[in-house]
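Some notes on the structure that comes next.
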There are 2 protein chains.
Amino acid sequence: MTGDISLDEFFKRLEARDDIGAAERDALRASIDSFGHFDSQTDLVKEGDRPKRSTLLLKGFAARYKIVGNGERQISAIHISGDFIDLHSFPLKEMDHSVLALTDCEVAFFPHSELEKLTANYPHLTRMLWLMTLLDSAIHREWITGLGRLSAEARHAHLMCELGVRLEAVGHGKKDNFYLPVTQSDLADALGVSSVHENRVIQSLRAKGLLAWHNGQVTLPDLKAIYALAEFDDRYLHLVKEPR
Amino acid sequence: MTGDISLDEFFKRLEARDDIGAAERDALRASIDSFGHFDSQTDLVKEGDRPKRSTLLLKGFAARYKIVGNGERQISAIHISGDFIDLHSFPLKEMDHSVLALTDCEVAFFPHSELEKLTANYPHLTRMLWLMTLLDSAIHREWITGLGRLSAEARHAHLMCELGVRLEAVGHGKKDNFYLPVTQSDLADALGVSSVHENRVIQSLRAKGLLAWHNGQVTLPDLKAIYALAEFDDRYLHLVKEPR
DNA sequence: CGTCAGATTGAGCAGCTTCAACGTATGTGG
DNA sequence: CCACATACGTTGAAGCTGCTCAATCTGACG
């Protein structure tokens with residue numbers, strides 16, 4: 001089962017922000033309790049859960065979401081390989097939202113008891129894990145800005161730009177060309193629009209020559225133009241390697 | 001200058017989630033470098049800054065915000081007494097947004113070098129500081145859900161409910177009655193609407209008997225009804241005292 | 001009394017929703 | 001291999017939410 005499984009993307013994500021020593025890598029690997037698989041469209045964790053472990057996404061796509069009163073869904077984050085999907089449940093204890101597998105997912109489980117040992121013995125590594133949750137927070141703020149002040153078209157464009165950069169940073173595809181096997185409905189729920197309108201937004205971007213999307217393969221033919229339309233600046237992703 | 005200044009609200013905010021020992025309190029107090037004041041409408045930190053210290057808000061209201069291309073502003077968080085406004089700049093290093101004083105503000109500064117010592121010597125306290133940033137994150141997610149899937153009226157109601165609970169938790173007013181000296185424009189920028197529409201939303205809530213607001217004093221005459229309209233459930237604020 | 005920030009009002013318009021239908025690809029059981 | 005089911009994508013038309021522009025009102029303050 002563990003044959004193919006690697007922490008490559010996770011280490012890349014960390015290394016993109018600061019050096020991680022061999023001892024720290026070993027400590028991280030030793031903190032893993034087990035590996036797991038989730039089928040597409042199943043929940044990895046549910047709102048109200050009190051997980052005793054945190055889940056690192058090794059392979060696949062997942063989304064944090066909440067359901068509102070009328071049954072509509074809002075996605076607050078899309079996670080890719082190398083992302084911890086619920087590291088925050090370690091200090092927070094109770095989940096205030098659910099996480100759904102958008103595709104089949106491979107994961108690694110880190111028991112909170114092991115994470116607690118890390119916080120006692122590896123201060124720098126603790127700050128790096130803290131940092132990982134702060135990156136989620138930075139992305140949340142960017143989404144809030146988009147939802148409040150940008151058009152649906154700009155928001156869609158922005159999400160494509162963001163995913164391109166994040167995927168490239170963990171070695172999956174390029175900024176302007178990557179695999180994104182999710183539905184228009186999923187994207188609509190992330191962007192806060194109806195699936196009908198999301199479809200029209202995509203058509204509009206296609207017509208402008210800013211987006212191609214076939215069989216889950218996204219291409220952004222004119223990066224400069226789509227960055228401008230989306231008002232995208234990747235600084236909020238903090239892809240700067242420095243002592244932390 | 002330090003005469004009136006106390007960390008009461010901050011300790012209340014922490015104690016609402018877990019016990020903080022005397023040694024931990026002392027360590028926190030000892031980590032303070034200096035105190036400061038900011039006039040209303042001035043920036044406490046600016047996007048792009050690389051602060052060498054983190055700022056704890058002791059008194060007043062502040063807002064994190066970004067400006068978009070057409071000059072519009074989106075507020076992504078409203079902070080009250082006892083909130084760290086840029087604790088995330090400790091691991092993140094660079095600010096990806098600015099923070100504005102909505103009123104006159106009193107603050108305490110924690111140099112990052114001191115925070116680093118805390119992470120080396122006080123693992124539990126470190127997790128509590130981490131927790132403080134994760135609460136911001138939880139609020140961000142709730143705002144995303146509102147911006148994406150609730151009406152402007154429900155969002156306004158939700159924000160009032162949230163601020164009531166948060167203010168009561170640090171000893172400022174009651175859930176249904178508190179002081180909020182900000183403008184309708186500020187709220188509009190937090191809720192992602194125009195100030196004209198925000199004014200109409202407020203009038204509608206007043207007409208329904210769900211909101212009174214004079215001279216900055218907010219009253220929610222029918223908590224149950226406004227919670228229902230806002231779909232407000234305070235679990236995302238994690239006001240549960242337990243070992244962390 | 002003039003000034004200014006903030007609040008309020010009206011009218012017309014744009015973005016997005018809703019409802020409903022239809023298209024298209026893939027898979028499945030008989 | 002066909003009949004059917006299912007999921008996803010696409011299209012049209014009507015309507016609502018919230019925006020823009022512009023004017024007016026109000027209270028605080030010098």
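Below, read A as the first sequence line, B as the second, and so on, with proteins coming before strands; counting in each chain starts at 1. Computed from a predicted structure; not experimentally measured.
- Residue A:Gln184 has its side chain nearest to D:dT10 when only C:dT8, D:dC19, D:dT10 are considered.
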Just distance, no hydrogens or angles: give the donor-acceptor pairs under 3.5 Å from side chains in residues 208-217 of chain B, sequence neighbours left out.
residue, atom, partner, partner atom, Å
B:Lys208, NZ, B:Glu153, OE2, 2.3
B:Gln217, NE2, B:Asn177, OD1, 3.2
B:Gln217, NE2, B:Phe178, O, 3.4

N/O contacts under 3.5 Å, protein versus nucleotides 25-30 of chain D?
none

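- Although no hydrogens or angles enter the test, the distance criterion places a donor-acceptor pair under 3.5 Å between the side chain of A:Gln74 and the main chain of A:Ala190.
- The side chain to side chain contact (heavy atoms under 4.5 Å, CB included) check on B:Ala230 picks up B:Ala157, B:His158, B:Cys161, B:Phe232, with sequence neighbours excluded.
- Within residues 194-206 of chain A, the residues having any heavy atom under 4.0 Å from DNA chain D are, by residue number, A:Val196, A:Asn199, A:Arg200, A:Gln203, A:Arg206.
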Result block: side-chain N/O donor-acceptor pairs under 3.5 angstrom for residues 44-53 of chain B, not counting sequence neighbours:
residue, atom, partner, partner atom, Å
B:Asp49, OD2, B:Lys46, N, 2.9
B:Arg50, NH2, A:Glu242, OE1, 2.4
B:Arg50, NH2, A:Glu242, OE2, 3.4

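- Residues forming a ring-ring contact (aromatic ring centres under 6.0 Å, His included) with B:His88 (at least two apart in sequence, or on another chain): B:His97.
- A donor-acceptor contact shorter than 3.5 Å is absent between the side chain of A:Glu9 and the backbone of A:Ser81.
- With rounding to whole Å, A:Gln74 atom CD is found 11 Å from C:dT17 atom P.
- Remark: B:Lys59 pairs with no residue by the salt bridge (charged side-chain N to carboxylate O under 4.0 Å, His left out) rule, at least two apart or across chains.
- In terms of modelled atom types and a separation under 3.5 Å, the side chain of B:Arg64 and the main chain of B:Ser76 share no donor-acceptor contact.
- The interatomic distance linking A:Asn70 (CG) with D:dT17 (P) rounds to 13 Å, in whole Å.
- Within a heavy-atom distance below 4.0 Å of DNA chain D, no residue of residues 139-163 of chain A is found.
- Out of C:dT17, D:dT20, C:dG6, the shortest distance to the side chain of B:Glu72 is found at D:dT20.
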Please table the atom pairs, donor to acceptor, closer than 3.5 Å between any side-chain atom in residues 162-169 of chain A and protein atoms at least two apart or in another chain.
residue, atom, partner, partner atom, Å
A:Glu162, OE1, A:Trp143, NE1, 3.2
A:Glu162, OE1, A:Tyr236, OH, 2.7
A:Glu162, OE2, A:Arg166, NH1, 2.9
A:Arg166, NH1, A:Ile78, O, 3.2
A:Arg166, NH2, A:Ile78, O, 2.8
A:Arg166, NH2, A:Asp83, OD2, 2.9
A:Glu168, OE1, A:Lys175, N, 2.7
A:Glu168, OE2, A:Lys175, NZ, 3.2

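- A:Thr133 and A:Asp136 share no side-chain donor-acceptor pair at under 3.5 Å.
- Taking the salt bridge (charged side-chain N to carboxylate O under 4.0 Å, His left out) definition, one finds that A:Arg235 meets it with B:Glu94, sequence neighbours left out.
- Closest approach of B:His140 and B:Ala77 over heavy atoms only: CE1-CB, 4.0 Å.
- Residues in residues 54-84 of chain B take part in these ring pair (Phe, Tyr, Trp, His ring centres under 6.0 Å) pairs, two or more places apart or across chains: B:Phe10-B:Phe84, B:Phe84-B:Phe110.
- A rotation axis mapping the C1' atoms of four pairs onto the next four is fitted at both ends of the helix from C:dC1-D:dG30 to C:dG30-D:dC1 over five pairs, and the angle between these axes is 30° to 10 degrees.
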